[in-house]
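Here is the structure we will look at.
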Amino acid sequence: MVKSQAVWSNSSVRSVITNPSSEERRWLWPIVVLILVVPLLALALWGEGRMLFCSCGVFEVWVGDTCSSQNSQQLFDPYSFTHVLHGFLLFWLTTLVFRNLSSVWQLTLAAILEALWEVLENSHFIIDRYRTQTAALGYEGDTIVNSLGDLACAVIGFLIVRRLGWSRSLILFLLFELILLFWIRDSLLLQILMLIYPVNALKMWQMCQ
């Protein structure tokens with residue numbers, strides 16, 4: 001009996017791969033696209049001249065000092081939380097504009113949009129914008145590892161909102177913003193403001209001492 005169950009299980013797996021049903025295809029293709037986003041993002045960033053790891057030669061999972069030269073160079077840092085908030089915004093966007101898409105396609109679309117932002121964020125135009133208009137005077141762009149960490153954070157943020165719903169996620173979004181303002185003197189909304197309409201007083205307040 002055990003042997004026949006194992007044979008059935010193996011044949012079932014092969015059937016899903018070689019001849020998926022319409023329901024299985026509904027989940028299979030967006031998941032394939034979602035997986036492909038990771039290497040495609042890495043290749044795009046490599047093409048922009050981004051380094052894979054920190055030039056310091058040391059890999060760290062977390063760097064907590066935003067004034068450190070390793071900020072935006074390691075896997076996660078305090079700005080990773082702003083990318084969690086990206087996931088919040090992407091959930092609200094995709095469920096409003098693309099409400100007819102299945103939930104897994106909405107997640108995949110959100111990941112694609114976040115990946116496109118990572119490519120844009122590491123373009124010379126945005127890097128120079130950060131240097132001249134914000135307090136990130138020595139910003140050199142993200143490493144590929146850091147950008148992949150940002151992508152993961154956005155996906156996590158998307159899933160958090162799907163779990164919490166609109167009202168509770170909005171409260172959590174504002175709470176994150178307040179915590180980041182007190183913690184690192186920056187936040188997602190403040191980043192957007194400083195990129196579009198820089199305020200010199202805010203820039204001086206954000207400067208590392």
Side-chain angles (χ1 to χ4, degrees), residues 37-91 110-111 113-161 172-195 198-199 202-209:
V37 167
V38 175
L40 289 175
L41 172 59
L43 285 173
L45 293 170
W46 183 269
E48 286 185 315
R50 298 298 98 211
M51 296 183 62
L52 180 59
F53 297 104
C54 176
S55 59
C56 62
V58 177
F59 173 77
E60 298 284 350
V61 174
W62 169 261
V63 172
D65 184 4
T66 56
C67 293
S68 168
S69 60
Q70 294 190 44
N71 188 59
S72 296
Q73 304 301 297
Q74 301 292 357
L75 185 59
F76 299 115
D77 55 56
Y79 281 96
S80 300
F81 291 100
T82 65
H83 290 272
V84 173
L85 298 183
H86 283 194
F88 282 49
L89 296 181
L90 289 168
F91 177 88
L113 292 174
E114 178 66 14
L116 290 174
W117 165 248
E118 286 298 322
V119 174
L120 178 62
E121 184 182 34
N122 285 281
S123 65
H124 290 299
F125 173 77
I126 296 297
I127 290 174
D128 291 341
R129 186 77 177 173
Y130 272 124
R131 286 176 179 170
T132 57
Q133 306 296 350
T134 73
L137 300 180
Y139 181 63
E140 298 288 342
D142 301 342
T143 61
I144 295 175
V145 165
N146 182 258
S147 288
L148 293 179
D150 291 344
L151 175 62
C153 287
V155 170
I156 290 171
F158 185 99
L159 295 175
I160 289 173
V161 183
L172 185 59
F173 181 96
L174 296 175
L175 181 61
F176 263 117
E177 285 285 300
L178 286 174
I179 291 172
L180 288 169
L181 281 173
F182 283 103
W183 181 18
I184 61 173
R185 297 187 179 186
D186 209 348
S187 70
L188 177 58
L189 296 180
L190 199 55
Q191 280 183 323
I192 295 171
L193 171 65
M194 293 297 286
L195 279 174
V199 179
L202 287 175
K203 180 178 178 179
M204 298 304 297
W205 175 66
Q206 291 179 309
M207 294 285 286
C208 293
Q209 302 299 322

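Just so you know, these numbers use all the heavy atoms, side chains as well, and skip hydrogens, waters and symmetry mates. On a predicted model such as this, the values are computed, not experimentally measured, just so you know. Numbers for residues simply follow the sequence, beginning at 1.
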**Prompt:** Going from CD1 on Ile184 to CG on Asn71, what distance comes out if it is rounded to the nearest 0.5 angstrom?
**Reply:** 8.0 Å
Please set out all donor-acceptor pairs under 3.5 angstrom arising from side-chain atoms of residues 140-156, sequence neighbours excluded.
residue: Glu140; atom: OE1; partner: Arg131; partner atom: NH2; Å: 2.8
residue: Glu140; atom: OE2; partner: Arg131; partner atom: NH2; Å: 3.3
residue: Asp142; atom: OD1; partner: Tyr139; partner atom: OH; Å: 2.8
residue: Thr143; atom: OG1; partner: Gln73; partner atom: O; Å: 2.8
residue: Thr143; atom: OG1; partner: Asn146; partner atom: N; Å: 3.1
residue: Asn146; atom: ND2; partner: Gln74; partner atom: O; Å: 2.7
residue: Asn146; atom: ND2; partner: Asp77; partner atom: OD2; Å: 3.2
residue: Ser147; atom: OG; partner: Glu118; partner atom: OE1; Å: 3.0
residue: Ser147; atom: OG; partner: Thr143; partner atom: O; Å: 3.4
residue: Asp150; atom: OD2; partner: His83; partner atom: NE2; Å: 3.2

**Request:** Go through the structure and list residues passing side-chain contact (heavy atoms from CB on, under 4.5 Å) with Leu175, not counting sequence neighbours.
**Result:** Leu172, Ile179
**Asked** Quick one: CG on Leu41 to CH2 on Trp117, what's the gap to the nearest 0.5 Å?
**Response** 13.5 Å
**Prompt:** By ring-ring contact (aromatic ring centres under 6.0 Å, His included), which residues pair with Phe173, not counting sequence neighbours?
**Reply:** Trp92
**Item:** Student check: side-chain heavy atoms of Tyr79 and Asp186 closer than 4.5 Å
**Value:** yes
**Asked** Minimum heavy-atom separation for Ala44 to Val119, with atom names?
**Response** CB-CG2, 3.8 Å
**Complete:** Residues Leu75 and Ser80: closest non-hydrogen pair is O-OG, 4.3 Å
**Item:** Where Thr82 and Ser187 come nearest, the two heavy atoms and their spacing
**Value:** CG2-C, 4.2 Å
**Item:** Shortest non-hydrogen contact between Pro78 and Leu180, atoms and distance
**Value:** O-CD2, 3.9 Å
**Item:** Within residues 45-70 or reaching into it, pairs that qualify as salt bridge (Lys or Arg N to Asp or Glu O under 4.0 Å) - sequence neighbours excluded
**Value:** none
**Message:** Tell me if a side-chain donor or acceptor on Glu177 pairs with a main-chain N or O of Leu189 at a distance below 3.5 Å.
**Reply:** yes
**Contacts of Leu202 that satisfy side-chain contact (heavy atoms from CB on, under 4.5 Å) - sequence neighbours left out** = Leu190, Leu193, Met194, Val199, Trp205
**Request:** Measure the CD1-OG1 distance between Ile127 and Thr132 for me, rounded to the nearest 0.5 Å.
**Result:** 12.0 Å
**Message:** Does Trp46, at its CH2 atom, have more than 12 non-hydrogen atoms belonging to other residues, nucleotides or ligands within less than 6.0 Å?
**Reply:** no
**Message:** Rounded at 0.5 Å granularity, tell me how far CG in Leu113 sits from CZ in Phe158.
**Reply:** 10.0 Å
**Message:** List the residues meeting ring-ring contact (aromatic ring centres under 6.0 Å, His included) with Trp183, not counting sequence neighbours, and say none if there are none.
**Reply:** Phe81
**Request:** Answer whether the closest heavy-atom distance between the side chains of Cys208 and Arg185 falls below 4.5 Å.
**Result:** no
**Message:** Quick check for you: to the nearest 0.5 Å, what is the distance between Leu174 atom CG and Leu178 atom CG?
**Reply:** 7.0 Å
